[in-house]
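Structure record follows, encoded as structure tokens.
Remember, it's a predicted structure, so these values are computed and weren't measured experimentally. Residue numbering restarts at 1 for every chain, and letters A, B, ... go by the order of the sequence lines.
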Number of protein chains: 4
Amino acid sequence: MAVNPPAHLSPRKKPIQARATATLEAIFEATIQVLLVDGPRRLTTTRVAERAGVSVGTLYQYFPHKQALFYALNEHYLEALAGKIEDACRAHHGRPIRQMVEALVTTYWQAKTERPDVTRALYRSVAEIDNEQVIEGFAHHVDAVTAAMFASASDAAFTDLQTVNLTLLSVIFGTVRSVFERNPPDAQSRAVHGQLVLMCLSYLNSVRAVGGQ
Amino acid sequence: MAVNPPAHLSPRKKPIQARATATLEAIFEATIQVLLVDGPRRLTTTRVAERAGVSVGTLYQYFPHKQALFYALNEHYLEALAGKIEDACRAHHGRPIRQMVEALVTTYWQAKTERPDVTRALYRSVAEIDNEQVIEGFAHHVDAVTAAMFASASDAAFTDLQTVNLTLLSVIFGTVRSVFERNPPDAQSRAVHGQLVLMCLSYLNSVRAVGGQ
Amino acid sequence: MAVNPPAHLSPRKKPIQARATATLEAIFEATIQVLLVDGPRRLTTTRVAERAGVSVGTLYQYFPHKQALFYALNEHYLEALAGKIEDACRAHHGRPIRQMVEALVTTYWQAKTERPDVTRALYRSVAEIDNEQVIEGFAHHVDAVTAAMFASASDAAFTDLQTVNLTLLSVIFGTVRSVFERNPPDAQSRAVHGQLVLMCLSYLNSVRAVGGQ
Amino acid sequence: MAVNPPAHLSPRKKPIQARATATLEAIFEATIQVLLVDGPRRLTTTRVAERAGVSVGTLYQYFPHKQALFYALNEHYLEALAGKIEDACRAHHGRPIRQMVEALVTTYWQAKTERPDVTRALYRSVAEIDNEQVIEGFAHHVDAVTAAMFASASDAAFTDLQTVNLTLLSVIFGTVRSVFERNPPDAQSRAVHGQLVLMCLSYLNSVRAVGGQ
DNA sequence: TATGAATGAGCGTTCATTCAT
DNA sequence: CATGAATGAACGCTCATTCAT
């Protein structure tokens, strides 16, 4: 279920202690903040540690190297995100397609909007390392759960579900990123959200093989 | 029409000499290659210069610092891209909305697909600096020309053209990026392209205020 | 008779408890092993402690710092070695010179060969600190006991006993080290041992002032 | 003839320029001095560079890493030493064994004594890295040339030349090291030198298979 | 003007040592 | 007393940038 992280990229020890969890959380938060305030180029392990209120040494007790920090950060948030999407998909199993799409777009949008700083920080961190693996893992996971949901729609079926699914996810994920990077006024942002739902629905209407209008 | 670069980010001199232009082009190419082969983290000015067949000193004759190189690179390709979009928009002034959308998506898609390495390299370079400025400039530029085109549609009008325009551009740009980053097999990639056109058309159909089907 | 260690280099407490002695022994063993397996550069206090089955904290209960560990390790083995040599010398007091030399070379060689790993590890640790002091102390100690022995030879006397003594010890200690560092096949190693005895005897024959062959 | 250094351990570029050679020499000298004054543990690349009057960056233009510096240093001096020994051996080809031994011991002793600081520094640097390769190479080289010399002796032959050769070299190299590490007064040192020649001669006398007394 | 050796600030990382538990 | 997480000084090394040639 979870992404398959190469051993050398996962945190050195699993947070069992409460303090350890707190420290880990502090390091993640600090990473986000540094990423946001100083940018990925000015992010140094020392700066992250300072901002997290720990020493570099401590940071390196949790992450064997800088890459691992980024990896874990992405893993952390993407797994949470995938979880939310999975929940939403399960909750809408067998429902009409309209509800499914609305739920999917809204879940994703809200998850990303909840902590816009985190979202923006993660988008910025992507280029830093081969997060490609985590991202690919996330993509496959989500692919599977949304495809399963769409396949169960009560009022529609699709000749080429794979393509429809890939298209929808590409459009949703891509659009959200675009909007985040343009960082438009809130009203406009919300408007685009609405339009995105509408767009997905119109599209599904055009491509569905069976089911009433 | 061109982006307004802060003085400290623009190339030291405009390439008037043919030789200078060739060198510049070589440096841009080298940057792309290094970005692709070694990744943004391993990109050093020395490596770029080597690959371009010049000395570091020469590179610094053209760009006052590394940032400026990235800035110029993005400017270079985004201006070309904006130009293509502008041409397409002008060519479809007053045409039916369907043709406009098809032209817009296809122009953008093709421009990005023409040199996929460049596209991917640029996506990767984004985190490097405040390219945000160049990108914002590009966005505004394109916003203007597509909005003007849509406003001239022979068979449709929109109550909220701004939102429709922003939505379409966000969707198109975002989706293309998503697809590039997932790097799916060519056939699938092309399929999504087709679906994207379809999606935009369905959407416009739903939101247009006037004009028959 | 024991080396005079500068206060800051000696173990914090003398091991009176049996448990303490066991721990100390374990730490020494661990140090040897780490020295051999990982080399002196990769030897960290943490690694030594781990290998000894104790915590770093415990290690620091026995040794105020890393230097002290090395110091004590050398002291430990060199004192044992000096003791063996002293015993041998005492046992050959008043005997013919031939027996003395044979005993000396053989005692030293065997002591070093008994645990070749320890020997090699100690040779490697030398560069680590001013073990010079321990080594010098060891040298003086041995100088004295062998000089005393040679002076008592039943069949020989030397005009310059000091020089003869220094020469013999330099040759024996140095040759053994050379052989250990070249690490030749066992047979060859044993052969050199025999030759070394022969050489020392020939030498003493040439330089003795009195006493028939 | 020369040691086979793993690619990553040899200097980055061969010193062709006069300035480069000077810099290289300065770095070697600085390494020796730092080794002597601060000891191998306090030797940092920065300190070496400072002492050599260059920047760390420059040091790293000549040596890809610290290990390579040590490697090259040992190579440098051991090759010179091997050269001297080779010359001496060639010069005494076919001579009586007595002259050979005298020449060998004296050549080695003088080479080591010429710059006692260098000698001592090198002995200290040995433990630092796997100089074993360079040293082994040196040993094989010398083995060959001395064996060849001894085989040509006009007045002696040996049943087991290999063992005799190995013994002599072990004794000579080891004794010199011992003496250097004890650092006795000059007079004593010179005395031991004489005794060493004497010892080797007595030994050869005992083991030679043919030839006059 | 082009070159590329030299520079040195700054980064990632290690590890001896401490001290709250 | 033993523990081992936390500390942070210090190291090895990189690379953007400069400047003598």
[X] has an atom [atom1]; how far is it from atom [atom2] of [N], in whole Å?
| X | N | atom1 | atom2 | value |
| --- | --- | --- | --- | --- |
| L69(C) | dT17(E) | CG | P | 11 Å |
| Q61(D) | dG8(E) | CD | P | 14 Å |
| D38(A) | dC11(E) | CG | C1' | 15 Å |
| F70(A) | dC11(E) | CZ | P | 13 Å |
| E50(D) | dT7(E) | CD | C1' | 13 Å |
| L24(A) | dA6(F) | CG | P | 11 Å |
| L59(C) | dC19(E) | CG | P | 17 Å |
| R51(B) | dC15(F) | CZ | P | 16 Å |

Verify side chain to side chain contact (heavy atoms under 4.5 Å, CB included) between R41(A) and Q67(B), making sure each step is shown before the conclusion.
-> CA-CA 11 Å; R41(A) 299 249 325 161; Q67(B) 274 201 23; over 6 Å; no

Atom pair CZ (F70(A)) and NE2 (H65(A)), whose distance is rounded to the nearest 0.5 Å |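 So the CZ of F70(A) and the NE2 of H65(A) are separated by 11.5 Å.
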
For L35(D) and R124(D), work out which heavy atoms get closest and say how close.
->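 Of all heavy-atom pairs spanning L35(D) and R124(D), the closest is O-NH1, 3.6 Å.
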
Where is the tightest heavy-atom contact between K66(B) and Y60(B), given as atom of each residue plus distance?
->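 So the minimum-distance heavy-atom pair works out to N-OH, 4.5 Å.
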
Donor-acceptor contacts, no H, no angles, side chain residues 26-34 of chain D, under 3.5 Å, sequence neighbours left out:
from: E29(D); atom 1: OE1; to: R115(D); atom 2: NH2; distance (Å): 3.3
from: E29(D); atom 1: OE2; to: R115(D); atom 2: NH1; distance (Å): 2.8
from: E29(D); atom 1: OE2; to: R115(D); atom 2: NH2; distance (Å): 3.3
from: T31(D); atom 1: OG1; to: I27(D); atom 2: O; distance (Å): 2.7

Would you please test Q133(C) and E75(C) for side chain to side chain contact (heavy atoms under 4.5 Å, CB included) and show each step?
-> CA-CA 10 Å; Q133(C) 280 184 68; E75(C) 204 181 30; over 6 Å; no

Y60(B), nearest nucleotide to its side chain (from dT18(E), dG12(E), dT17(F)) |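 For Y60(B), the side-chain atoms sit closest to dT17(F).
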
In terms of the nearest nucleotide of DNA chain F, which residue is placed more toward the 5' end: G53(C) or T46(D)?
->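 This one resolves to G53(C).
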
Given side chains that start at C-beta, do those of L43(C) and D38(C) come closer than 4.5 Å, heavy atoms only?
->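 They are not in side-chain contact.
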
Any side-chain heavy-atom pair from F63(D) and L24(D) closer than 4.5 angstrom?
->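 F63(D) reaches L24(D) side chain to side chain.
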
Considering only nitrogen or oxygen atoms on both sides, find all protein atoms under 3.5 Å from nucleotides 8-11 of chain F and state each distance.
from: dG8(F); atom 1: N7; to: G57(A); atom 2: N; distance (Å): 3.4

Strand DNA chain F in bracket notation, Watson-Crick/G-U under 3.5 Å with | for pairs to another chain | .||||||||||||||||||||

Contacts under 3.5 angstrom, residues 44-56 of chain C side chains, donor-acceptor by atom type, not counting sequence neighbours:
from: T44(C); atom 1: OG1; to: R47(C); atom 2: N; distance (Å): 3.0
from: R47(C); atom 1: NE; to: R42(C); atom 2: O; distance (Å): 2.9
from: R47(C); atom 1: NH2; to: R42(C); atom 2: O; distance (Å): 3.1
from: S55(C); atom 1: OG; to: T58(C); atom 2: N; distance (Å): 3.3
from: S55(C); atom 1: OG; to: T58(C); atom 2: OG1; distance (Å): 3.2

